[in-house]
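What follows is a short report on a single structure.
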Amino acid sequence: MTDQTEQDRVLIFDTTLRDGEQSPGATMTHDEKLEIAAMLDEMGVDIIEAGFPIASEGDFEAVRDIAKQAKSAVICGLARANFADIDRAWEAVSHAKRPRIHTFIGTSPLHRDITKLTQDEMVEKIAATVTHARNLCDNVQWSPMDATRTERDYLCRVVETAIKCGATTINIPDTVGYTAPRESADLIAMLLERVPGADQVIFATHCHNDLGMATANALAAVEAGARQIECTINGLGERAGNTALEEVVMALKVRNDIMPFRTGIDTRRIMAISRKVATVSGFPVQYNKAIVGKNAFAHESGIHQDGVLKNAETFEIMRPEDIGLNATNLVMGKHSGRAALRAKLKELGFDLGDNQLNDVFVRFKALADRKKEVYDDDLIALMRDSEADLDHDRVQVKFLRVICGTEAPQSADLILSIDGAEQRVTAQGDGPVDATFAAVKALVPHHAHLELYQVHAVTGGTDAQATVSVRLQEDGHIATGQASDTDTVVASAKAYVNALNRLAVRREKTRPDEAKAAV
C-alpha cells in the first residue's frame, strides 16, 4: 500500500455528484456540479466520483470540467463492464491530475440472471474489462454490485480476478441496504483472509440506507479492514439514500477512542456544503438529521437547556464550531445591514459577490419587513429562490392575484414573463392553488404530470415563509421546483414555474427540435 493508505487512514470517496444525483428530481446544473466539486476538494475529500460519463453529454462534460479544475482530489468516472463505457470514462477523467476509472458489474444471482451470464462468463468479462481499464489508467476501482447478496465463494473468485487484472481498489457495495453491521464486518474480514493479493489493494464499502444502517455498516467494515468509505453529502442517493459523509466523518472524530482512524476532512466545512447540496438538489435536510439537521444542536427541554448553559458537554457530544456553525449566531431582522447579511450568508455557506449581495439584500429587506425575525432557514430559502430565479429562465412569475373563499368559483389572475414578453390570463379552479396552476398551464401548455405538491413552513409563526415543493414528470423525466414566500399561493406559482423551467432545460438537451416549440 502507498503512504496515503497507512493502517489508520480512511479514504473518503464522495459520490454526491453521481449516486446522489440519481435521486429522482435531484438533478444539478453543470455550474452547480462544478461548485460542489470545488467545495468537496477544498474540504479534503480524497476521491470525487464526478459522474457517469457515458450516461449523457451533460454528464461527460461535467466530469471532464471537474477533472480539469480539481486541485488535490482524485477524480473518478463510473463505467459499466464494457469497453465503450470505460473509454468514455477515461476520456473524461484523463484531464485530472489524479484520475480514476470505476467499473462495475452485478454479481449476485439476481443480477447474473438479468445479464444471462454464467459464473464463468462473468469472470471472463470482469477480467477483460478490468484489464482494459488498467491499460488506460493506473488507478482502477472495481465493484461487484449487490455484493452482500452474492455467494461468498463466488465473491472471492471475482474479487481475486479483478485484483489479478490490475484493480487497485475493490469496493464492496451493499447496493440495496440489505446487510447488518456484523455481516458487513464479517464480509470484509472474510475477503481479506481468503482472497490472494487482498493485502495489496484498498477495500472500500458502499452502503445504502434502506434499513437505516448505512453509517453503522460502513463503520463496521472499517473496523474489519476496509480503508475507503463511499458516501454522499446529507446521505443523498437512490431510495433511502447512502452513507452520509458528515455522519461517518464525525463518528470517527468523536469516537476516536474506540475507532482509532483518521480522515483528511476539514469538518468545519461540513455545514456549508450540506446546505449548498440541499439548496441545489431541492432535497431539504430533515430537522432531526444527524450532525447537520436544524435540531442537531437545539434544546427545548428545560433540563437540557439548564445543563447546556452550565456545560455544553452535558448534552452535546460535539461543538457546533466543529462542523462550521457559528456559536454566536447573528440575529437577522429589518435593521440588519449589508455587512451583517454578508457575514451571516457566509456562515451559512454562501459567499456572494457585491452585485449578487445587492440583489439578495433587496429580497432580504422585503422579507424582514414582513417578519419579526429572519431565521437561518429563511435565508437559505431566500438564497434558493435567488439562485433559481436566473435570467435565463424562460418563464417567470410577475403578478398574481387570487380570489378564494367559501363561495365558488375560485380564480387566479396571473401575469407571466415568457421569453421576456409578459402574458396575462385569468383561470378558475378548485381552490386558489388549483386555479393558479390552471392559469400557468393556460399560458404555458404542457403535458407534464404533477407527482408531488408539498408545503411546509420554513420557520414558526403566522408570518412564516412557506416553502413549496413541486415535482413534475414528463416522458420519464422528473423535475423538482421549490420556492418560498410568506404567501403560500405565490410560493406555489413560483415552484410550479421553476419545475417547468427545469423540464424545458432537459427537453432542450434530449429533444432540441421539440424544445424550440415548447417551454
Side-chain angles (χ1 to χ4, degrees), residues 24-25 27 282 362-363 366-367 370 381-382 384-458 462-508 511 514-519:
T27 301
V362 172
R363 298 169 184 253
L367 177 62
R370 291 179 281 166
L382 195 69
R384 179 177 58 242
D385 285 352
S386 176
E387 293 177 348
D389 187 19
L390 301 174
D391 290 340
H392 64 255
D393 279 351
R394 296 182 62 188
V395 184
Q396 297 180 12
V397 176
K398 291 299 183 182
F399 171 85
L400 175 65
R401 179 189 290 123
V402 297
I403 299 175
C404 60
T406 58
E407 294 186 6
Q410 286 80 32
S411 63
D413 185 15
L414 175 70
I415 297 177
L416 295 180
S417 173
I418 303 175
D419 291 331
E422 292 191 357
Q423 300 185 35
R424 186 168 193 160
V425 73
T426 298
Q428 296 181 347
D430 184 14
V433 174
D434 187 54
T436 298
F437 285 8
V440 172
K441 194 166 185 177
L443 292 176
V444 187
H446 59 84
H447 302 290
H449 173 66
L450 179 64
E451 288 197 334
L452 172 73
Y453 172 75
Q454 190 173 64
V455 182
H456 76 271
V458 174
T462 57
D463 63 350
Q465 285 195 98
T467 289
V468 176
S469 298
V470 169
R471 184 182 300 156
L472 299 178
Q473 189 273 133
E474 180 188 63
D475 297 334
H477 296 292
I478 296 175
T480 299
Q482 281 196 332
S484 301
D485 197 279
T486 52
D487 187 314
T488 303
V489 183
V490 172
S492 300
K494 290 181 177 179
Y496 193 62
V497 166
N498 180 235
L500 286 174
N501 280 315
R502 287 180 176 234
L503 275 180
V505 171
R506 296 189 188 180
R507 193 183 298 116
E508 289 170 2
R511 305 194 305 274
E514 295 179 29
K516 292 178 181 178
V519 173

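Please read all numbers here as calculations on a predicted model, not as lab measurements.
Of all heavy-atom pairs spanning Val470 and Ala499, the tightest one is O-CB, 4.1 Å. Nearest heavy-atom pair across Val402 and Ala412 is CG1-CB, 4.0 Å. When all heavy atoms of Ala491 and Ala466 are compared, the pair lying nearest together is CB-O, 3.7 Å. Between Ala495 and Ala483 the shortest heavy-atom distance is N-CB, 3.6 Å.
Expressed to the nearest 0.5 Å, how far CD of Gln396 lies from CD1 of Ile415 amounts to 13.5 Å. To the nearest 0.5 angstrom, Leu503 atom CG is 12.5 Å from His447 atom NE2. Atom CD1 in Ile418 sits 5.0 Å away from atom CG in Leu443 (nearest 0.5 Å).
Between the side chains of Ser411 and Gln428, no donor-acceptor pair of N or O atoms lies under 3.5 Å.
Here the side chains of Val395 and Leu500 are not in contact, with every heavy-atom distance at 4.5 Å or above.
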Q: Any chance you could lay out the side-chain contact (heavy atoms from CB on, under 4.5 Å) test for Arg424 and Asp413, step after step, and finish with the verdict?
A: CA-CA 7 Å; Arg424 186 168 193 160; Asp413 185 15; 2.5 Å; yes

Q. Step by step, would you call Leu416 with Val397 a side-chain contact (heavy atoms from CB on, under 4.5 Å)?
A. CA-CA 5 Å; Leu416 295 180; Val397 176; 3.9 Å; yes

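In terms of modelled atom types and a separation under 3.5 Å, the side chain of Asn501 and the main chain of Val497 share a donor-acceptor contact. When atom types are taken as modelled, the side chain of Gln410 and the backbone of Cys404 share no donor-acceptor pair closer than 3.5 angstrom. With hydrogens and angles disregarded, a donor-acceptor distance shorter than 3.5 Å links the side chain of Gln482 to the backbone of Gly282.
When the shell of 6.0 Å around CG of Asp430 is examined, it contains 12 or fewer heavy atoms from other residues, nucleotides or ligands.
Taking the six-membered ring where tryptophan is involved, the planes of Tyr453 and Phe437 are perpendicular, since the angle between them exceeds 60° and thus also 30°.
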